[in-house]
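Heads up, the thing below is written out as structure tokens.
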Amino acid sequence: MSRATKGMYYMSFFFAGAFVATELNVSSWSLYTQPVVPALVCPPPPPPPPPFQVQVERKETKTETQCPTLIASRPAEWQTLMLDFGSVTTNKLEAADTILLAMLQKIEFGVRLPPHKTELKGGNYVLTFVAADVQLSAYIYPETSAIGIDMHSAGLPDVFQFVSDTAQAFEVALKTVRWKAFARTPAKDTKSQYFAKSDFSMQMLEGNGHFYRKRLGNFQSKYQNIQVWETDTNEPIEPGQAPDRILFLDGVVQSSTDDEIIYHEHLVHPAMLAHPTGAKKVAILGGGEGATLREVLRHSTVTEAAMIELDDGVVEESKKYLKQMNNCSFGVPGYKSCFDDPRTNLVLEDCVKWFEKRFKGDACDGKANSSKFDVIIMDLLDPEYKPAGDFAKYLYSDQQIKKIACALNDDGVFVAQIGENPVQMSDLSDARPGGNNKEYAFKGEIIAKIAKHFTHYGTFVYSAYVPSFGGPWAYVLACKSPACAQRWHSNAAAVNLAKHQRLLPGALHQVGFDGSSQLGIQQTPLVWQHIFCSHMHHKGKTNPTCQWLNTPNTEDGNTGKPEAHLAVRPSTIDKADNSTRNELVTTRDIPKGTEFGLFDAATAMEISRTDFEALLVYAEKHNSPEYKNLVAWMHRYGFSCDAVKGGSFYVSLLSLITFTNHGCGDLANLDGRLGNFDDDEVNDDSNREGGNLGAADWDPPVIRHARQHCMSSRSTRLITKGTSLLEDYSTFDWADKSMNRVGKEVNVWCNSTATTTKPKKVPVSKK
């Protein structure tokens, strides 16, 4: 179950001697916030109605004393509470009737008479208390010193308080009491959030997966209900083991001390390590527990960590009960509370208003501003709660996202948690083409809004499994610079290098996130590609990259040698050229629109643009003939891919595609560009407005298949058997043409072949 779980829950339970299948809508509120109603004073009426009856009404009942009308004035939501505990002393067992009667009267249930006692086999017995608003059966087992209680009631004010009082009254340890509570009355309004199945009702009241539960804090702030619970899943609890502590806000799980490190490390470290030079100023929006702040402060480069949290109640309750989440003792000097670290700037304010004040109303005025940040981390509302209010709607609006992007320096990084990552097959099928469920498409739209304010193909979606949330949790990270996008795609050793360089020595080995973790999140989950292709469109049409995924490939059905459709022969194109030159020809007809180069993509060497340019400098600096030859070879046989991964350079190693010659003028029959996006369209920012996606936006098909996308070419017309393959070399260059691919040598080539309108077709045999 996750932080945003809602919906129906089905269970069968034993009631009145028969199994009754009931559809339950459980409210995390109705089980512990019902008002206390004055006790009824009349003799107990018949037992309460079956749980599937919604309205509970007692009509007038006359006795010799003319008792007034009995109406069950408590709420109609009936709950069942079940408790089991042992190690009860004989004195307490014998006094169970008196103890339980006093407890029910204290809660002001309408019980005034002693219970009915029924003898059971083996010397056991059951005590039954009945009133208009409660039915309680206590099963007493003297031989095993145990008691089991089943209570069906309307309006129990506080479930946990009753459990705690019961343990205290019978003098048993709360940790030994097994209990669970759930609603028995079907909800009248299934759309109401108060009747939705909540994290709190499932985990704490029903006890799913939790043996021991104890409420440590229950605070109603100006904005929300804040509860901290201590739990343990082991039975019995292992000696010396620290119980888990869970923070609930309005019944929704926010953090668990058992696994919060997974959530917070994946929220913070990918962004911090992707920053090109090491973030100095970091803003955290939300994160009241202090755990996000803790992970940020592990980085030695940080000079300011501004944490903007609206609800000071969350901060104070976390300081009291969740100290392990905001412990910064790893530094020199260390701080038991991260809030005491001098780098921390805790701002208890609405983050939107704070932004307005920090940037004097406009962070996008284009002026240099020392108030800008290197990294902004949004640890706020899940997008699932967008309809909840104006603030949530504004938070994910294009207007606010643009302000966040403007509040970052030119090499800044933005990261946010975006709630549940769709994983179930039903989610996948609904998100595939033709699916009707657009619940997750809304998140895709948020990602697209973010992407259009950041660098080309520099927005990434990833997920991490968080057990306390019941599944994988999704994050979105966006880079303002290509250098950041390149660092996102770093190899494991490069990430580990950055980790060693940037983390405080005392924090280095406390952080589990490492290079291998980064490799695990670099690939966009497949379901987001389905969402993108199903529900998000370019100018009202399916995105071209989605169509590209289904392009016929020359390797389709080829179970033999790769590139069986190609052959190399001595060049016949330029008869004036006496040097040894080869050309690449086809061994069969290739239809128009067929993709080439999949084997090339599978075997080529890849290097980032940053590293390639560093290699050029390295070769010149050390005047090494070997390195200069290496650079010359890469320059001759490699080609660039500008935007994807922040810019990558590929060199063919085993593919025959490397023998493709330059196509002069209209002679080229291969095109490596994504055909449905022409250059004007790619660079036209108007395509990025109003929900339209241009090639510079978030594009899961390209990001997931970056190598194949960069290295593939498609036939621009029918290529008959024996035809030379030609491609415009200018498409192999960076966008700024800094490699000068179409230079003097290529011009000589084109001039010498100018009289040849088309290359000759020479029959060849398959190899």
Between [X] and [Y]: side-chain donor-acceptor atoms closer than 3.5 Å:
X: H264; Y: H269; answer: no
X: H152; Y: T80; answer: yes
X: S137; Y: D150; answer: no
X: N218; Y: D158; answer: no
X: Y263; Y: D379; answer: yes
X: Y212; Y: E230; answer: yes

With a 4.5 Å cut-off on side-chain heavy atoms, are [Y] and [X] touching?
X: I99; Y: F170; answer: yes
X: I140; Y: N124; answer: no
X: M103; Y: T166; answer: yes
X: Y475; Y: L267; answer: yes
X: L127; Y: H116; answer: no
X: L348; Y: L310; answer: no
X: F182; Y: K180; answer: yes
X: Q254; Y: V314; answer: no

Okay, side chain of [X], backbone of [Y]: is any donor-acceptor separation there less than 3.5 Å?
X: D199; Y: V253; value: yes
X: Q417; Y: L380; value: yes
X: Y321; Y: L216; value: yes
X: N345; Y: A305; value: no
X: E265; Y: F513; value: yes
X: D250; Y: N225; value: yes
X: S164; Y: Q161; value: no
X: Q105; Y: V111; value: yes
X: E289; Y: N326; value: no
X: E309; Y: D311; value: yes

Pi-cation contact, F339 with K319 (under 6.0 Å, within 45°):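 Judged by the rule (NZ or CZ under 6.0 Å from the ring centre, within 45° of its axis), K319 counts as positioned above F339.
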
Which pair of non-hydrogen atoms, one from [X] and one from [Y], has the smallest distance, and what is that distance?
X: R298; Y: Q510; answer: NH1-OE1, 2.5 Å
X: M378; Y: L395; answer: SD-CD1, 3.8 Å
X: V527; Y: P422; answer: CG1-O, 3.4 Å
X: K320; Y: K323; answer: O-CE, 3.8 Å
X: G290; Y: C338; answer: O-SG, 4.5 Å
X: L93; Y: S145; answer: CD1-CA, 3.9 Å

Aromatic centroids of Y465 and W473 separated by under 6.0 Å: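 Not close enough - the centres of the two rings lie 6.0 Å or further apart.
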
Validation row, ring centre F85 to ring centre W179 under 6.0 Å: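 No: the rings miss the under 6.0 Å criterion.
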
If you measure from [atom1] on [X] to [atom2] on [Y], what distance do you get to the nearest 0.5 Å?
X: F330; Y: Y335; atom1: CZ; atom2: OH; result: 11.0 Å
X: I284; Y: C351; atom1: CD1; atom2: SG; result: 12.5 Å
X: S153; Y: D133; atom1: OG; atom2: CG; result: 8.0 Å
X: D312; Y: S221; atom1: CG; atom2: OG; result: 7.5 Å
X: K106; Y: L101; atom1: NZ; atom2: CG; result: 14.0 Å
X: R343; Y: C328; atom1: CZ; atom2: SG; result: 7.5 Å

CA sep, side-chain torsions, deciding dist, call: L346, V315, side-chain contact (heavy atoms from CB on, under 4.5 Å): CA-CA 10 Å; L346 178 60; V315 176; 4.2 Å; yes

Any pair counted as side-chain hydrogen bond (donor to acceptor under 3.5 Å, both in side chains), so long as it reaches residues 84-104, sequence neighbours left out: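 Residue pairs with at least one partner in residues 84-104: there are none.
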
Aromatic plane relationship, F160 with W229 - under 30° parallel, 30 to 60° tilted, over 60° perpendicular: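 Plane angle over 60°, so perpendicular.
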
Evaluation steps, side-chain contact (heavy atoms from CB on, under 4.5 Å), between F129 and L100: CA-CA 9 Å; F129 302 81; L100 291 171; 3.8 Å; yes

From CA spacing to verdict: side-chain contact (heavy atoms from CB on, under 4.5 Å), E420, K443: CA-CA 10 Å; E420 293 180 67; K443 293 186 182 181; 4.1 Å; yes

N-O pairing of R294 and E260 below 4.0 Å: yes

Within 6.0 Å of CD in Q168, more than 12 heavy atoms from elsewhere: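 12 or below, so no.
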
Audit row: L297, T344, side-chain contact (heavy atoms from CB on, under 4.5 Å) steps and yes/no: CA-CA 8 Å; L297 293 175; T344 299; 3.5 Å; yes

